Amino acid sequence: MKMQFFFVALFIVQQLFSINALSEQYKILYINSYHSGYSWTDDVTDGVSSHFSERDSFLVHTEFLDGLRHPPDEAEAWFLPYLAQKYQNARFDIIIASDNSALDLVLNNDQYFLFKEVPVIFCGISNPEVYPLEERDLYGVKEVDMFVASFDIMRHLYPDFSKVYFLVDRTVTGSVYRSSAEEVIQRHPDYELVVVDSVYYETVDSLVRSFLEEDAVIFYQGINLDGAGDPLDNMAMARMVSENARIPVFSSYAIDMAGALGGLFSSGFEHGVLCAQLAEKRVKGLPIDQRVHIPPMEGIFDYSKLMKYNINPDLIPLGSQIRNKPETIWSRYRNLIIGNLVVIGLLLLSVILLIRYNASQSKAKALLEKAMEKAYESDRIKGAFLANVSHELRTPLNAICGFSELVKVELEDSQLSEYVEVIHKNSDLLARLVNDLLDISLIDADAMVVNKRNTNLEVLFASLLQQAQSALKIKGKDHISVELKINSDYKNVSTDEFRVCQIMLNYIGNAVKYTETGKIVIGFDHISTLANDLDLAHYGSSYLVLFVKDTGIGIDPENTPLVFERFRSVDSKYVSQHGGFGLGLNISKNLAELLGGEVFVRSEKGKGSVFGVLLPL
Ligand code: ADP
């Protein structure tokens, strides 16, 4: 129940508002002299409607007198009864009358119930001065006599002309223009005016073709009625004139150039808008400063015709429109060119940024190189220092090692000889560490030199065999045998015997250290012989392979690649048991590379290992 009451109340309020809105709506009667479809009329109508289309408070009723097809004096007879029937209860706030027939009808029937005391706005009137401007509530827009303005422009653009063919009709407007043209020419007696006011569509082509004087122009004022007073299509007529003329055609006929060279135009649309503005002001009671208003004018010229008659386009009035101008490359491709320029600009910018970035990068690189050089330098100094120190340590250590060995042999007191044994073992260990450190520091300081000479590997391996056996003996591992497996065809090689020996002794020392049962095999052969067993095929064929094979603890696969790295002792249990600094294999690797070769390892956890060195042949 409550809801129903609410909706009823809402409806009443709505109605009140809409009644109020309607009561505020202004009604306009807009009467055209001509008919819909006639381009001038359509343009004025468009101007009027475009102004009011955004204003809800105006309601425009548009009517047409059809004055070109019905004689204006007949209009009263049919038009007024027609209005009376259609708008019998209406009351208009204002009337807009477009062109003379409409204005005449309204003013001549001042007491007609729809017109009585209703303000009137006119447009398209070339002779407003003949109307009772001061006696009637009358305002409007004058259809300006364009010939007056155009005459100066024609002289400016086409200074050689002295004769004008003035094409006009015999309508009221036509005769107004005709007399004003005559007035203009009277003021300029050097010019001749030929008025042509009886023109037929069928013959106009041959007529204008007969105008051949070089100093003549045509001024097409507009022809709505032919010589017999019959209406015709003004636009079609204009086109026919322009297409057939041999001399320049100027015109002040708006809407379209219809092939004319150009002229000053005042568009019907602008007339309509101005009229509508005046109508709005009048109904709202706003002040209107003058009775008669002049619509804006615009120059419109055809580029191809300007060129045809050698007229410089720079001479046309400022702000004029130029039609049919061929597109220049710039106007046609402007967007493309601008787009490309922007892209090129961006590319250039990126290049500049890249160059600057590179410059800063190379600056940073230079700084980095300097810093690295410094680091290398200090590293070299450190290395040299270490090498010196190690060297200095070696001499006294060697003495300790040598003499403790001697003392050990001479001593009878078992207690003492035990002490001397400890001194000997530790000084030996120390000597080895110092030797390793010396080598490492020489390698790091790029100071390790190799001297390649003809070397007899057979002799070298015989000595290695002996050293392996005595090492096993010292370690109490006599049960482990050492085998020699050499290929005497390759015994001669150019290398640094001392360094090769050092590498092999490292390998042998480790084999002894990490083997408890089985045997150790040392030897050498051509790579092609061992390639399959030791998976060496990828090294090629120009190497000799020296190897030490043991049946020791082996290395698990994940540690195998690490054993040649510095300070890597992969089995801490054995290391603690056997001692070791994790330097030996790394020294071997570096020495092998200095000799132009490489080291490798193949190992299986729990089964044994093969350590080898490839020497270039
Ligand atoms: P270390 O002085 O510790 O022996 P190396 O550089 O000579 O130093 O050896 C590095 C590591 O490689 C050793 O600690 C050991 O774990 C492993 N290794 C070297 N040779 C063998 C081998 N023949 N059998 C098993 N493991 C080995």
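Residues take their numbers from the sequence shown, with the count starting at 1. Just follow the structure's listing: the first ligand is 1, and inside any ligand the first atom is 1. This one's a predicted model, so the numbers in the text were calculated from it and none came from an experiment.
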(request) Pick whichever of Tyr514, Phe611, Tyr507 has a heavy atom sitting closest to atom 13 (C) of ligand 1. (result)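 When every heavy atom of Tyr514, Phe611, Tyr507 is considered, Tyr514 comes closest to atom 13 (C) of ligand 1.
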Based purely on interatomic distance, does [X] place a nitrogen or oxygen under 3.5 Å from a nitrogen or oxygen of ligand 1?
X      : result
Gly582 : yes
Asp550 : yes
Gly554 : no

(message) One pair to check against ring pair (Phe, Tyr, Trp, His ring centres under 6.0 Å): Phe524 and Phe547. What are the steps and the verdict?
(response) CA-CA 6 Å; Phe524 63 87; Phe547 63 90; 8.7 Å; no
(request) Under 4.0 Å from a heavy atom of Lys513: give me the atoms of ligand 1 that qualify, with their elements. (result) 1 (P), 2 (O), 4 (O)
(message) Give the atom numbers and elements of ligand 1 that come within less than 4.0 Å of a heavy atom of Ile553.
(response) 25 (C)
(message) Once ring pair (Phe, Tyr, Trp, His ring centres under 6.0 Å) is applied, what residue pairs with a partner in residues 473-499 remain, sequence neighbours excluded?
(response) Tyr490-His526
(request) Report the part of Ile555 (side chain from C-beta onward, or backbone N, CA, C, O) that has a heavy atom under 4.0 Å from ligand 1; answer both or neither where that applies. (result) side chain
(message) Salt bridge check, Arg566 against Asp436: does any charged N sit closer than 4.0 Å to a carboxylate O?
(response)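 The answer is no: the pair does not qualify as a salt bridge.
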(message) Whether Arg453 and Glu497 form a salt bridge (side-chain N of Lys/Arg under 4.0 Å from carboxylate O of Asp/Glu) is what I want to check.
(response)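 Judged by the 4.0 Å cut-off on N to carboxylate O distance, Glu497 and Arg453 do not form a salt bridge.
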(message) Below 30° counts as parallel, above 60° as perpendicular, anything between as tilted: where do the rings of Phe564 and Phe611 land?
(response)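 Geometry flag for Phe611 against Phe564: perpendicular rings.
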(request) Drop me the distance from Leu460's CG to Lys491's NZ, to the nearest 0.5 angstrom. (result)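 It comes to 13.5 Å.
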